[in-house]
There are 2 protein chains.
Amino acid sequence: MNIGQAAEQSGLPAKTIRYYEEIELVRPGRADNGYRDYSEDDLHRLCFLQRSRSLGFSIEECRLLLSLYDDDQRASADVKDIAKKKIKLIEQKIDELNTLKSTLSKLIKSCHGDERPDCPILDDLARNQVRK
Amino acid sequence: MNIGQAAEQSGLPAKTIRYYEEIELVRPGRADNGYRDYSEDDLHRLCFLQRSRSLGFSIEECRLLLSLYDDDQRASADVKDIAKKKIKLIEQKIDELNTLKSTLSKLIKSCHGDERPDCPILDDLARNQVRK
DNA sequence: CTTGACCTTCCCATAACTGTAAGGTTTAGA
DNA sequence: TCTAAACCTTACAGTTATGGGAAGGTCAAG
């Protein structure tokens, strides 16, 4: 299977698939004409990558997950651990964003939004945060 | 004021401050020995940048906010608009993360997490998403 | 036989820094 | 006075995960 088909079926851009080969996440064979040739197994890995990337796992996390997937002896507990840590990070990020949002909301509320040049948002941004 | 002091007082790493100069967000003078010399106004801008970056504004948004700040004639409505759009983006991101989180949570719940090699998380990741 | 849709490699760009190397300056202490 | 630490300088490379585009080879249809 050429890279075009692999792209279509995995949902990944061809460009990205080539990149995944460069960093050795997939190792397709080559046809006589030099074209990459993806096996069912290669395609499977690409789908795995597409899905796990879209779930927010970093490339290195995906590499780890793939190696666990490849390893018939791995314990499901290992995978569960990785996923749990990921959730923690996601929750942290959500918290941060909520804080950000409420700060910005407050600023917006206090801004009259007219043509006058004084603006509580800019004033807040300009406030020294670290200096005493 | 040397870059070290400016860094300490603005809460930005010196490295970052030099970067901000490179992209022309701050333009400190130079002392006779070639060291950067930060005025009160420069420091003010650095604090502004520290604060707005920490609130999630991109560099280019910060550049715009700074230009509005510099311009006594700007309308606070402009700033309010920028902040409102930012909130929308933040809300989007939060939604995405929540979706991610619930998907991962479901996967984790379905995983027994013991020493056995079968793992619903990996199974899900391996499922073809795009292929028919 | 040609056109267009593929495919190849290679290099540059992104955002917003961070790290490192190699060197100049200043300051405090022995 | 010497020296070592703590500053400062520039310049270049690396990071993350791709995306864009050039220059060129291949293949399938008409």
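Just so we're on the same page: letters track the sequence lines, and every chain starts at 1.
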Are any of the side-chain nitrogens in B:E22 or B:R36 under 4.0 Å away from the carboxylate oxygens of its partner? no
Does a side-chain N-to-carboxylate-O contact under 4.0 Å join B:K88 and B:E91? no
Nearest heavy atom decides the nucleotide; on that basis, is B:E60 or A:Q5 closer to the 5' end of DNA chain C? A:Q5
I'd like to know if A:E21 and A:R18 make a salt bridge, using a cut-off of under 4.0 Å between side-chain N and carboxylate O. no
Are any of B:Y19's side-chain N or O atoms less than 4.0 Å away from OP1 or OP2 of C:dA15? no
Please check if any side-chain donor atom of B:S39 sits under 3.5 Å from a side-chain acceptor atom of B:D42, or the reverse. yes
For B:H44 and B:Y69, take the angle between the two ring planes, folded into 0 to 90°, and tell me which bin it lands in: parallel under 30, tilted 30 to 60, perpendicular over 60. perpendicular
Nearest to side-chain heavy atoms of B:K15, which nucleotide of D:dT18, C:dC17, C:dT20: C:dT20
Looking only at heavy atoms, which two atoms of A:K101 and B:I87 are closest? And how far apart? O-CD1, 3.7 Å
Hey, can you pull the residues of residues 25-35 of chain B with a non-hydrogen atom under 4.0 angstrom from DNA chain C? B:N33, B:Y35
What is the separation between atom CD on B:E61 and atom C1' on C:dA16, rounded to the nearest whole Å? 14 Å
Tell me whether the OP1 or OP2 atom of D:dT9 has a side-chain N or O from B:R36 closer than 4.0 Å. yes
Answer yes or no: does a side-chain N or O of B:R18 lie under 4.0 Å from OP1 or OP2 of D:dA11? no
Any side-chain N or O of B:T16 under 4.0 Å from OP1/OP2 of C:dA16? no
Separation of A:D37 atom CG from C:dC6 atom P, in whole Å? 17 Å
Round to the nearest Å and state the distance from B:E22 atom CD to C:dT18 atom P. 13 Å
Expressed as a whole number of angstroms, how long is the span from A:Y20:OH to D:dT16:P? 13 Å
Can you tell me the distance, in whole Å, between the CD1 atom of B:I17 and the P atom of D:dC7? 14 Å
Carboxylate-amine/guanidinium contact A:R63 A:E60, below 4.0 Å: yes
Nearest whole angstrom, please: distance from the P of D:dT18 to the CD of A:Q50. 10 Å
Which nucleotide in the set D:dA11, D:dG20, C:dT8 lies at the smallest distance from any side-chain heavy atom of A:I3? C:dT8
